[in-house]
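Sequence lines set the chain letters: A, B, ... in the order given, protein chains first and strands last, and positions in each chain run from 1.
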Protein chains: 4
Amino acid sequence: MARPTTVARVLAAALDLAERGGPSALTMEGIAAEAGVGKQTLYRTWPSVHAILFDALVTESAAAGASESHATTFDVLQSTIAELTTEPRASLLRKLAAAIHSDEAIARQFHKRLFLPQQEQVSRLVAADGYANPKTATELLLAPLLYRWFLRLPQFTDSELRDHVEKVRHLERLSSTNVSGQYI
Amino acid sequence: MARPTTVARVLAAALDLAERGGPSALTMEGIAAEAGVGKQTLYRTWPSVHAILFDALVTESAAAGASESHATTFDVLQSTIAELTTEPRASLLRKLAAAIHSDEAIARQFHKRLFLPQQEQVSRLVAADGYANPKTATELLLAPLLYRWFLRLPQFTDSELRDHVEKVRHLERLSSTNVSGQYI
Amino acid sequence: MARPTTVARVLAAALDLAERGGPSALTMEGIAAEAGVGKQTLYRTWPSVHAILFDALVTESAAAGASESHATTFDVLQSTIAELTTEPRASLLRKLAAAIHSDEAIARQFHKRLFLPQQEQVSRLVAADGYANPKTATELLLAPLLYRWFLRLPQFTDSELRDHVEKVRHLERLSSTNVSGQYI
Amino acid sequence: MARPTTVARVLAAALDLAERGGPSALTMEGIAAEAGVGKQTLYRTWPSVHAILFDALVTESAAAGASESHATTFDVLQSTIAELTTEPRASLLRKLAAAIHSDEAIARQFHKRLFLPQQEQVSRLVAADGYANPKTATELLLAPLLYRWFLRLPQFTDSELRDHVEKVRHLERLSSTNVSGQYI
DNA sequence: TCTTAAACGAGACGGTACGTCAAGTCTTCGC
DNA sequence: GCGAAGACTTGACGTACCGTCTCGTTTAAGA
């Protein structure tokens with residue numbers, strides 16, 4: 001519907017504002033002004049600021065990430081941390097995260113479009129590593145990262161992250177033992 | 001500064017609105033109208049909606065919780081989940097959580113006034129249980145709960161929660177073994 | 001420039017909208033949508049809504065009126081009233097009348113293309129009736145009609161109109177007497 | 001409701017804009033900006049631009065006119081013409097007149113608050129002059145003035161106006177004769 | 001007991017952003 | 001390659017809250 005150049009200008013403006021003005025600058029009016037675009041053009045294509053942010057994030061991922069194949073669980077988590085803390089992505093994510101708490105639909109979108117891909121990457125590696133319960137292992141691996149990001153605590157350093165991965169690995173080996181006899 | 005009856009009316013109004021209208025109804029104007037109070041009365045006592053919410057949450061805790069002494073780690077986590085999902089507390093927490101993402105000061109307040117008490121309760125029990133690293137154990141226990149709340153995933157059922165606690169307990173026993181030699 | 005079918009569709013759409021939606025529905029966008037035509041097609045042929053309305057009025061006159069030869073002054077005034085009060089012409093005229101007050105050019109067009117013909121028809125009859133001052137007589141005859149239409153007062157009934165015409169006729173006879181001696 | 005100083009600023013701004021920018025500048029946003037006032041302040045007191053214009057006109061009348069007692073019919077009509085042609089009143093009236101054609105409620109307000117007082121002044125003088133039908137005489141006197149204003153024709157000069165008044169006076173004397181026998 | 005200063009309700013105020021509508025211009029694509 | 005469809009910028013609409021600021025009016029304590 002919208003012309004490609006217009007879309008590009010809008011998403012670039014969103015990224016710019018995220019980096020320069022912080023999350024509170026990410027308003028429909030602000031983006032329109034920054035992009036040199038009418039408000040109606042925004043509303044014609046995106047129903048809300050959040051929709052723009054999703055597109056901006058996806059675009060930015062496509063541009064930046066460009067599918068590096070991560071070798072290890074550690075690498076994926078490390079790059080997840082990078083995503084959560086590097087601007088402008090961090091600002092966009094914060095803004096979306098705020099919206100998650102007022103609108104369940106946005107929560108679903110966030111989960112599906114932004115979080116699941118990350119999660120599945122971890123899951124695949126975890127499964128390849130022979131964990132007994134890849135699903136819970138993935139949660140145990142990722143949850144503390146998100147927990148620290150959400151509460152704005154200091155993130156894992158590389159060595160802490162390494163320990164964290166090791167710990168969960170051992171846990172899962174233990175679990176598999178458990179399942180096979182000791183506790184059932 | 002403010003009269004006790006006024007404070008009570010305001011906090012009650014905040015709780016009412018949280019339950020009835022969802023997080024988006026929690027505005028200064030809405031609370032003032034609901035409480036039958038002038039806006040300036042609100043601003044005289046609280047600098048922002050968030051400050052009111054903190055007070056409302058603390059008050060509600062005092063009224064409801066009234067310091068049950070939880071015997072086990074499981075019980076504490078179970079009641080944490082209840083807090084995260086029972087109205088009106090859930091709505092207030094969502095609203096605050098949203099603000100966390102736009103204001104670091106609120107994040108600190110949230111962490112200090114609402115989250116740390118919970119965390120320390122867990123920590124004490126965990127330490128009493130003889131975990132080698134109570135701090136990381138606490139994080140491993142709590143993070144998945146918050147993770148699911150944040151992403152609005154289905155929360156742990158009682159049996160899942162029991163498994164989760166067991167898993168972390170074994171992990172920490174293993175870790176302590178590790179530390180003493182096997183893996184280093 | 002525009003194809004005859006397009007022109008017809010546009011003018012028909014204008015008449016339709018005038019009848020159905022009242023004067024506020026007569027916008028470029030509305031007419032384009034109603035006619036199933038791009039906006040640029042409108043602007044290519046007509047510079048403004050008003051231009052379309054003029055064309056629609058002229059077309060409608062041609063279709064409806066088809067030049068009945070009115071015998072008497074009374075008949076002409078009666079049919080003038082009918083024009084001012086019968087849809088869809090009434091709505092188009094109201095819309096144009098509104099524009100008269102913001103744009104002098106439209107006032108001139110209105111006067112020249114829509115009002116003068118009416119006026120001259122009256123003038124001819126009045127002159128034929130032997131009035132001393134056909135010009136002022138015409139004004140005295142027409143002004144009250146327009147005055148009532150403009151202020152949305154109840155229009156002349158047939159008998160009131162008959163009295164009105166009689167009164168002006170006598171006035172003019174008196175005037176001619178005056179002119180010939182009594183007051184000069 | 002609104003504070004007197006605010007009202008004064010708003011009405012002054014409306015008069016200023018009418019004089020400087022023409023009728024198209026008389027928008028809610030424009031007035032708010034010119035008056036240095038929030039839009040909500042306008043909407044709190046007046047439902048529309050037109051309501052502001054009515055107030056501005058009434059205020060301006062009160063300030064300017066200040067109840068000159070007109071001696072003669074001619075004087076009243078002369079001052080009516082002045083009102084219709086002197087800025088900023090002329091611009092405000094044009095703007096209102098435009099609205100009359102899209103909204104009947106405004107027509108009623110216009111008639112009641114702005115036109116009737118004028119009309120009654122004429123009526124009183126006409127009745128004092130011993131006209132047989134003061135109501136129709138008033139209409140005959142005023143209609144041509146409004147007619148020329150509406151169609152933006154040149155207004156009556158003083159001498160034309162004098163003739164016009166004389167003519168209607170004679171007409172009415174004739175009418176009274178009629179009524180008493182000749183034509184009934 | 002009376003006064004007096006504060007806290008109060010009410011809500012006007014200047015702002016910012018919302019989401020919508022129409023104006024008039026510019027671009028793309030199908031016939 | 002012309003013209004219909006419609007995307008574009010602009011600007012006004014009317015609304016919701018923001019945080020500040022008067023207003024009188026309680027209300028509670030000290031004189």
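Within residues 90-99 of chain C, no residue has any heavy atom under 4.0 Å from DNA chain E. Annotation: proximity of residues 100-107 of chain B to DNA chain E (heavy atom, distance under 4.0 Å) is found for no residue.
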Between protein and nucleic acid, restricted to nucleotides 19-22 of chain E and to nitrogen or oxygen atoms under 3.5 Å apart, what atom pairs and distances do you find?
| unit_1 | atom_1 | unit_2 | atom_2 | d |
| --- | --- | --- | --- | --- |
| dG19(E) | OP2 | Y43(A) | OH | 2.5 |
| dG19(E) | O5' | Y43(A) | OH | 3.3 |
| dG19(E) | N7 | K39(A) | NZ | 2.9 |
| dG19(E) | O6 | K39(A) | NZ | 2.8 |
| dC21(E) | N4 | Q40(A) | OE1 | 3.1 |

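Using modelled atom types, one side-chain atom of E87(C) and one backbone atom of S91(C) make a donor-acceptor pair closer than 3.5 Å. One N or O on the side chain of T59(C) and one on the backbone of D55(C) form a donor-acceptor pair closer than 3.5 Å. R89(C) places a side-chain N or O within donor-acceptor distance of the main-chain N or O of L57(C), the cut-off being under 3.5 Å.
Residue contacts shown for G30(A) are absent, as no nucleic acid heavy atom lies under 4.0 Å away. Contacts of R9(C) with the nucleic acid, taken as non-hydrogen atoms under 4.0 Å apart, are absent.
Phosphate proximity of dA7(F) to T6(A): absent, as no side-chain N or O sits under 4.0 Å from OP1 or OP2. Taking only side-chain nitrogens and oxygens, T41(D) comes nearer than 4.0 Å to OP1 or OP2 of dG14(E). At the phosphate of dA12(E), neither OP1 nor OP2 sits under 4.0 Å from any side-chain N or O atom of T45(D).
Following rounding to the nearest Å, L42(C) (CG) and dA23(E) (P) show an atom-to-atom distance of 10 Å. Atom pair L26(C):CG and dA23(E):C1' shows a separation of 15 Å (rounding to whole Å applied). The nearest whole Å value for the distance from the CD1 atom in I31(B) to the C1' atom in dC17(F) is 12 Å. Put simply, CZ on R44(C) is 8 Å from C1' on dA4(F), counting in whole angstrom units. For I52(D) and dG14(F), the CD1 to P distance is 10 Å, given to the nearest whole Å.
Under a 4.0 Å N-O distance rule, the pair E34(A)/R9(A) does not qualify as a salt bridge.
With sequence neighbours left out, the salt bridge (Lys or Arg N to Asp or Glu O under 4.0 Å) criterion links E29(B) to K39(B). Here R152(D) pairs with nothing under the side-chain hydrogen bond (donor to acceptor under 3.5 Å, both in side chains) rule; sequence neighbours left out.
An angle of 10°, rounded to 10°, separates the two end axes of the helix from dT1(E)-dA31(F) to dC31(E)-dG1(F), each defined over five pairs.
Nearest-nucleotide positions on DNA chain E for A35(B) and V37(D) put A35(B) closer to the 5' end.
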